[in-house]
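What follows is a set of notes on a single structure, which appears directly below.
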Amino acid sequence: MPRSKNQRPATLEQAFGQVLLARREKKGFSQMDLAVSAGYSLRYMGDVERGAKSPTLRTMNDLATLLNVSLGTLIVEAEELLNGKPKPTKKSLHRPKGQ
């Protein structure tokens, strides 16, 4: 049974796959576009997006580069998705002066 894109992931691999899928679609890339550009097979890309395969750091970095986003951003987004935490706003990332 296929997983819903909006279903909360059970594993970090699934969370990373959902983030990758969302970023890929936002850029307007097909799965084939990303696979060919990154030098990976279409089957492997599908497995990564479904969370069936755990990509290496090098693979994750290659994909982040192609999507024009930092590897750290992809990892943080996947972790937040897995833990159900909302993204912090930019204001919450900065301390007020004097603290």
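The line from CG of Leu81 to CD of Gln18 is 5.0 Å long, rounded to the nearest 0.5 Å. Distance check, rounded to the nearest 0.5 Å: CD of Glu49 to CD of Glu25 gives 7.5 Å. To the nearest 0.5 Å, atoms OG (Ser30) and CG (Leu42) are separated by 8.0 Å.
A donor-acceptor pair under 3.5 Å links the side-chain atoms of Arg8 to the main chain of Leu82, judged by distance alone. Asn61 places no side-chain N or O within donor-acceptor distance of the main-chain N or O of Arg58, the cut-off being under 3.5 Å.
Here the side chains of Pro9 and Phe16 are not in contact, with every heavy-atom distance at 4.5 Å or above. Residues Leu63 and Met45 meet the side-chain proximity criterion, which asks for heavy atoms closer than 4.5 Å. Counting heavy atoms from C-beta on, the side chains of Val69 and Glu77 never come closer than 4.5 Å.
Note on Val19 and Leu12: separate hydrophobic clusters, where clusters join Ile, Leu, Val, Met, Phe, Trp and Tyr whose side-chain heavy atoms are under 4.5 Å apart, directly or indirectly. Linking Ile, Leu, Val, Met, Phe, Trp and Tyr whenever their side-chain heavy atoms come within less than 4.5 Å leaves Leu57 and Val76 in two separate clusters. By the rule that hydrophobic residues join a cluster once side-chain heavy atoms approach within less than 4.5 Å of another member, Leu71 and Phe29 end up as members of one cluster.
When every heavy atom of Thr59 is checked against every heavy atom of Tyr40, the shortest pair comes out as OG1-OH, 3.2 Å. When all heavy atoms of Gly46 and Gln31 are compared, the closest pair comes out as CA-NE2, 3.4 Å. The shortest heavy-atom contact between Leu67 and Lys27 is O-CE, 3.0 Å. Here the closest non-hydrogen pair linking Ala78 and Ala15 is O-CB, 3.3 Å. The two residues Tyr44 and Thr56 come nearest to each other via the heavy atoms OH-N, 4.5 Å. Nearest heavy-atom pair across Gly28 and Asp33 is O-OD2, 4.4 Å.
Between the side chains of Thr65 and Asp62, not a single donor N or O lies within less than 3.5 Å of an accepting N or O.
Within 6.0 Å of the CG atom in Asn68, the count of heavy atoms belonging to other residues, nucleotides or ligands does not exceed 12.
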